[in-house]
Amino acid sequence: MKHPERWRHWRIKLVGFGFVLAFGLIGYRALSLQVLDHELFEKRAQRQYQRIVQLPRQRGTIYDRNGQELALSTAVDSVYVEPHRIEDVDGTVQTLAKTLSLSKRSLQKKLCSDRRFSWVKRQVSPRESEILRALKLKGVGFIKEHRRYYPNSQLGAQIVGFTGLDPKGLEGLEMHYDSLLLGERGFLVMEKDGKGKSLGFGDQDASVQGGSPGHSLWLTLDKQLQYIAEKELAVGVRKAKAKAGTVVVLDPNTGEVLAMANQPDYNPNAFRRSRPSHWRNRAVCDAFEPGSTLKPFLVAAALSEGLVSPQQTIDCENGVYRVGGRTVHDHHRYKRLSVADIIKVSSNIGSAKIGKKLERQRYYRYLRDFGFGSRTGIDFPGEVSGVVRHPDQWFEADLAAISFGQGMTLTALQLARATAAIANGGLLMEADLVQRVIDYQGDTVEKHKPDTVRRVLPAAVANQVRDMMVQVVSEDGTGPLAQVPGFSVAGKTGTAQKVDPVTGGYSADKRVSSFVGFLPAEAPRLVILVVVDEPKGQTYGGLVAAPVFARIAEQSLRYLQVSPTRPVEQPVLPDIVFEEEAPLALPPVVGNSEGDNAPSMPNCIGMSSRQVLQTMERIGLNIKLKGSGRVVEQFPSAHRAIQYGSEVWVRLAPPA
């Protein structure tokens, strides 16, 4: 009997232990459900009786350097419907279609569906919202969302960019800084029944939960300088009947971009109404041959290497020079010119000979040091590097062509930045568009300080080149129309033939006209580059781009309250010297009719170059100017009919 008793005793203990273990597991499970994993199961429960509608995130604001808003997010209404609460479907469809300009068919489909919630139209206009709210339609509600708004319309559009409905950045800084500008996502919570159908919101507007604005950007752009640049560029492009244009304004001492204008422009508030090609920031995304604007950098390199001096003279071969099997022309039959005069009158032959002294490897090194052939690293999407081939691929004719700005490409920003290195005494600076990034509480997250990339030139050499560039804007230089009353201007004109993509050679009639300069020359505050793409009629940079430069510079200095550095005098009408456009110049084709309807040649004898240009503009002729001074000879003679395809020219010479 002892054995069965012992066994029964152990069975009782075993059963008791089982009960204790079971109750322990149940207790732990209860503790886990109610305490340890409370939040997890609460979320699971919420998902069973709640439906979450995610809303677009609110973006941070974009400011100019002075705190002026360039892009911001504003609260607007988005319209939704709860079909199960609508009593008059047809009447509601009619009203919504008329007020919101929507298709009746699509609205009918939404209002007759089994869904308990459907968007009707996102981010409606204030007027549309006001009308619908006044009607108090049954089953129609409103949700506050944030819509991207650009208060200055076209101003800075290609730089700031725009967003989609998401609102994801699609162009410009909106795209480049998309992750920083986007805030925390807000959401809409709706309860649903046991069958998973939404219970709706009733007659009250839906409330948004969560969400916070993203970071904000403070740019280096100055809204007023941007306006001046855009306004004057638009006038210049329209007057020249050009395809496009670009302006870059830099602070030469910091490298900051103060303005960056493009034509054609667009309104980012309605970007779908414009062509995608208008959205592009040409200053960093388009490359072009610089033409004569490259010559100061060639001379700077030769001066740094001690190969030439400003007053050293070079034989310019009486206007025709054979190099590497090609013929290089000058616009005038120069014999000997000083290095300073080569810049002043923009001699291609003199530049080619300086390039030969410098040789391929050294010239290439200086081009790269000035930043050509590589991206600037500016905080902007889509930047191109331009093309500067390795010197091992240069033949003798290539060295000559690159010496006066052909056979290589660069961007407007690269050219302005390299010019700033001459203006500030030889330092290549980082190019910046963004000063700092701040969060929605106003704390600085990132701060961009001016940074020097490298020293390109000794300060003494930079000052020598600056003095040569001042002569370019003198009365007998190529850019007198860039003069600004009261200030000394240093600059360089450029007129380059464009490459024809079909033939692979230079186009007969398409040009890029440019002018780059800085002022006041003694203590530069601004570097300004003007590029006009494919002007019609007059194509010289000194005629097309230089006046735009002067207007931008004058208004900008007045806005910045920079005092004149010299007495303000009535400007003297200068005689203009034109730079050569290409190694092989092509005669212009003028006139469009023959016989009695053909235009006649005016009497230009004794006129200055400016008077000839005014005559050209008045009667619509394209006259080729040779030399400088006063007109001493012309073809055809005065009052003779100009036959189609014939050459029309005047020759100018200094007074005896």
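As the structure is a computational prediction, the values presented were derived from the model and not from experiment.
Between F297 and I422, some side-chain heavy-atom pair lies under the 4.5 Å cut-off. Proximity of D379 to Y177: side-chain heavy atoms (C-beta onward) are separated by under 4.5 Å at one or more points.
Of the possible donor and acceptor atoms, none in the side chain of T293 sits under 3.5 Å from a partner among the backbone N and O of G494. The main-chain N or O of R282 is found under 3.5 Å from a side-chain atom of N262 such that the two form a donor-acceptor pair. For the pair S513 (side chain) and A545 (backbone), a donor-acceptor distance under 3.5 Å is absent. Side chain of Y266 to backbone of A157: a donor-acceptor contact under 3.5 angstrom is found. Remark: the backbone N or O of A420 is paired with a side-chain donor or acceptor of N424 at under 3.5 angstrom. Formation of a donor-acceptor pair under 3.5 Å by the N66 side chain with backbone atoms of Q68 is not found in this model. Under a 3.5 Å cut-off, the side chain of Q483 and the backbone N or O of V473 do form a donor-acceptor pair.
With hydrogens and angles left out, the side-chain atoms of N152 and K223 include a donor and acceptor closer than 3.5 Å. Residues K447 and T444 have side chains that never bring a donor and an acceptor to within less than 3.5 angstrom of each other. Donor-acceptor pairing under 3.5 Å is lacking for the side chains of N267 and Y150. A donor-acceptor pair shorter than 3.5 Å can be found between the side chains of W279 and S274. For the residue pair Q555 / Y227, no side-chain donor-acceptor distance below 3.5 Å is found, with atom types taken as modelled.
Within a 6.0 Å sphere centred on NZ of K231, heavy atoms belonging to other residues, nucleotides or ligands number more than 12.
Between K449 and E256 there is no salt bridge, since no side-chain N of the basic residue sits under 4.0 Å from a carboxylate O of the acidic one. Remark: E522 does not engage R466 in a salt bridge, criterion side-chain N to carboxylate O under 4.0 Å. We find that D533 and K498 are joined by a salt bridge, their nearest charged nitrogen and carboxylate oxygen being less than 4.0 Å apart. Salt bridge status for E446 with R436: absent, with no side-chain N to carboxylate O gap under 4.0 Å. No salt bridge links E383 with R375; every basic N to acidic carboxylate O contact stays at or beyond 4.0 Å. Between D178 and K168, at least one side-chain nitrogen of the basic residue sits less than 4.0 Å from a carboxylate oxygen of the acidic one, meeting the salt-bridge criterion. Using a 4.0 Å cut-off between charged nitrogen and carboxylate oxygen, R59 and E174 count as a salt-bridge pair. Between R360 and D392, no side-chain nitrogen of the basic residue sits less than 4.0 Å from a carboxylate oxygen of the acidic one, so the salt-bridge criterion is not met.
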Which side-chain N or O atoms in residues 450-462 pair as donor and acceptor under 3.5 Å with protein atoms at least two apart or in another chain?
{"residue": "R454", "atom": "NH1", "partner": "D369", "partner atom": "O", "Å": "2.6"}
{"residue": "R455", "atom": "NH1", "partner": "G425", "partner atom": "O", "Å": "2.9"}
{"residue": "R455", "atom": "NH1", "partner": "L457", "partner atom": "O", "Å": "2.8"}

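The only option from R133, Q123, R147, K121 that meets the side chain to side chain donor-acceptor pair (under 3.5 Å) definition with D77 turns out to be R133.
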Practice prompt. Check the pair S73, Y149 against side-chain contact (heavy atoms from CB on, under 4.5 Å), reporting the backbone distance first and the verdict last.
Written response: CA-CA 6 Å; S73 295; Y149 177 62; over 6 Å; no
Practice prompt. Please report the C-alpha distance between R365 and E305 in whole Å, then the side-chain angles of each, then the deciding distance to 0.1 Å, and finally whether the salt bridge (charged side-chain N to carboxylate O under 4.0 Å, His left out) criterion is met.
Written response: CA-CA 12 Å; R365 174 166 55 85; E305 293 295 315; 3.5 Å; yes
Practice prompt. Test R525 against D251 for salt bridge (charged side-chain N to carboxylate O under 4.0 Å, His left out), laying out the working first.
Written response: CA-CA 6 Å; R525 290 287 302 274; D251 182 335; over 6 Å; no
Fill in: Test log, rule side-chain contact (heavy atoms from CB on, under 4.5 Å), inputs F372 and S385
CA-CA 7 Å; F372 302 128; S385 61; over 6 Å; no
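The CD1 atom of I159 sits 12.0 Å away from the CD atom of E171 when rounded to the nearest 0.5 Å. Annotation: the span from R127 atom CZ to L132 atom CG amounts to 10.5 Å, rounded to 0.5 Å.
Between L72 and P151, the shortest heavy-atom distance links the atoms CD2-CD, 3.4 Å. The nearest pair of heavy atoms linking W218 to D64 is CE3-O, 3.6 Å. Across all their heavy atoms, A412 and V248 have their closest contact at CB-CG2, 4.1 Å. In this structure, I378 and V284 approach most closely via the heavy-atom pair CG2-CG1, 4.2 Å. In terms of heavy-atom proximity, A550 sits nearest to V484 at O-CG2, 4.0 Å. In this structure, T565 and P520 approach most closely via the heavy-atom pair CG2-CB, 3.9 Å.
Outside the 6.0 Å centre-distance limit, the rings of Y80 and F142 are not counted as a close aromatic pair. Between Y440 and H215, the distance separating the two ring centers is not shorter than 6.0 angstrom.
Residues satisfying the side chain to side chain donor-acceptor pair (under 3.5 Å) criterion with W394, sequence neighbours excluded, are absent altogether.
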